[in-house]
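The structure under discussion appears below in the form of structure tokens.
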There are 2 protein chains.
Amino acid sequence: MENINKFQTISKQALQRLPYYLNFLKSQKAKKQSNTSASMIAEGLRLNQVQVRKDLAAVSSGGRPKTGYGTEDLISDIEQFLGYNNTHDAILIGAGNLGRSLLSYKGFEECGMKIVAAFDIDKHVAGTEAGGHPIFPMEKLEDLAGRLKVKIGIIAVPAESAQEVCDLLVGSGILAIWNFAPVYLDAPEDILIQNENMAASLAVLSKHVEEKFGR
Amino acid sequence: MENINKFQTISKQALQRLPYYLNFLKSQKAKKQSNTSASMIAEGLRLNQVQVRKDLAAVSSGGRPKTGYGTEDLISDIEQFLGYNNTHDAILIGAGNLGRSLLSYKGFEECGMKIVAAFDIDKHVAGTEAGGHPIFPMEKLEDLAGRLKVKIGIIAVPAESAQEVCDLLVGSGILAIWNFAPVYLDAPEDILIQNENMAASLAVLSKHVEEKFGR
DNA sequence: TAGATTGTTAATCGATTAACAATC
DNA sequence: TAGATTGTTAATCGATTAACAATC
């Protein structure tokens, strides 16, 4: 039986676990472990064995009974799957406090994303730079994004202007948006919106402390 | 009937939606809308009505048929619920690239969290400061955390040392940990671990672009 | 062959959504 | 009273976990 119909889909949660596996596998590699089993990963990351096994099955077919996966093979299968090999260019909009923090963060490139330019509505901010990235005025966005064929947009503007920026990005042919503004954006369904909200995470922490510590 | 048995629990997902509601409500307040209904929030944030209504019911009892909630009342109910009124002190460990970005970010205080000190293992880094926060050597952590009665720890160290730092924090009486390292931490179950992994979010974006754009 | 590990099919669990009753 | 909106109980959906068969 051929596996023509076997569309291996993967849930968003599973997708988000993959970088953890990757990290663990790299530490295995550093320890000269040439093979790594799902059980080892599960134990190392304190996850359920079956979950790990299922996640890996969606990403690689190099698993062999009794031996597990070749550590390096699995690393490259996951990186391949996530598209870390082909670097994706990104632009960031909103060079305020958060935006500048993101611009100066160096960890994105090893995850296959490279910020190529930043934009800000404030004419005084435009023309400066942050973290080695030039900041342009908003008017240049559409032209530049189109010419550079950028596929990822990072929104770091205030809530009020986030939807507007989103529309602009969609119009410029962006495929995925990393949204740091505290709003749910409206976009065509083939555009992926990944919401990242520090306030949302803080809510979880704050609530827990409040509960445990009392008021 | 008294509501003694009515332990209103709330899911983590619901908890994370509350800051979005808060943001919407504040914009309502700015527009002088004295009342806001669940349906208005749902429409504004493009969420399901019932979901919003259920979330709000867990947080406030000020909803009235036909009128909805008093905008300001609901704001303060949510802030009360999340513990945004009582500021919680936090310490940050690891003043590297990411750590410094977090230290210089100004948005945490309005979510009820205040970073009071940072620590780093590197003796050269200790003694300096970032974003107006002093950076201390690791040896001072236990003493300072205990004396300041800090309840939140922020881990921004490399994956390899994250568990070690976690243990140290737990030993110092911390109640909740915001973990930026790409590992799942092992801690007593009454300690809340909130994982924040930029790489995990990037994986989702990267995969989508890869799928749409092809390789 | 026995044992470890993979990978799949079925059961469970939790969150979201739908239907409805209650109330101002 | 009629209508809008709340809040609850039941149905659906999706992800996780458990049980098991396949394989080296």
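The analysis underlying the following values was restricted to heavy atoms, covering all of them including side chains, and did not include hydrogens, waters or symmetry mates. Lettering of chains follows the sequences in order, A, B, ..., and the numbering in each one begins at 1.
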Could you work out which one of dG7(C), dT5(C), dA18(C) sits closest to the side chain of A57(A)? dG7(C)
Quick one: is N35(A) getting a side-chain N or O under 4.0 Å of the dT5(C) phosphate, OP1 or OP2? no
Quick one: label A14(A) by what it contacts on the DNA or RNA (base, sugar-phosphate, nothing), any heavy atom closer than 4.0 Å. nothing
Whole-Å distance separating the CD atom of Q51(A) from the C1' atom of dC13(C): 13 Å
So, does R53(B) get its side chain near the phosphate of dT6(D), meaning an N or O under 4.0 Å from OP1 or OP2? yes
Please say whether more than 12 non-hydrogen atoms of neighbouring residues, nucleotides or ligands are located less than 6.0 Å from NZ in K29(B). no
When you get a sec, tell me which of dT9(C), dT6(D), dT9(D) is the closest nucleotide to the side chain of K54(B)? dT9(D)
Non-hydrogen atoms of D120(A) and A95(A) that approach each other most closely: OD2-N, 2.7 Å
Crowding at CD1, I121(A) (>12 non-hydrogen neighbours, <6.0 Å): no
Name the closest nucleotide to the S11(B) side chain, picking from dA18(C), dT6(D), dA15(C). dA15(C)
Can you label the angle between the Y105(B) ring and the F108(B) ring as parallel, tilted or perpendicular, going by 30° and 60°? perpendicular
Looking only at heavy atoms, the pair that brings Y20(A) and N195(B) closest together is OH-CB, 3.6 Å
Write down the distance between NZ (K12(B)) and P (dT16(D)), rounded to a whole number of angstrom. 13 Å
Ranges pairing with ranges for DNA chain D, where each run has three or more Watson-Crick or G-U pairs under 3.5 Å: C:3-24 with D:3-24
In this structure, are over 12 heavy atoms from other groups packed under 6.0 Å from K12(A) atom NZ? yes
Around Q16(A), counting heavy atoms of other residues, nucleotides and ligands shown, do more than 12 lie under 6.0 Å from its CD? yes
Per atom distances to the Y69(B) side chain, the nearest of dG7(D), dA15(C), dG7(C) is dG7(D)
5'-most contact on DNA chain C (nearest-nucleotide basis), K66(A) vs Q49(A), goes to K66(A)
What nucleotide, of dT8(D), dA4(D), dT17(D), holds the atom closest to the side chain of P65(B)? dA4(D)
Considering only side-chain heavy atoms of A38(A), which listed nucleotide, dT8(C), dT16(C), dT6(C), is closest? dT6(C)
Atom CG of N48(B) and atom C1' of dT5(D) are separated, to the nearest Å, by 15 Å
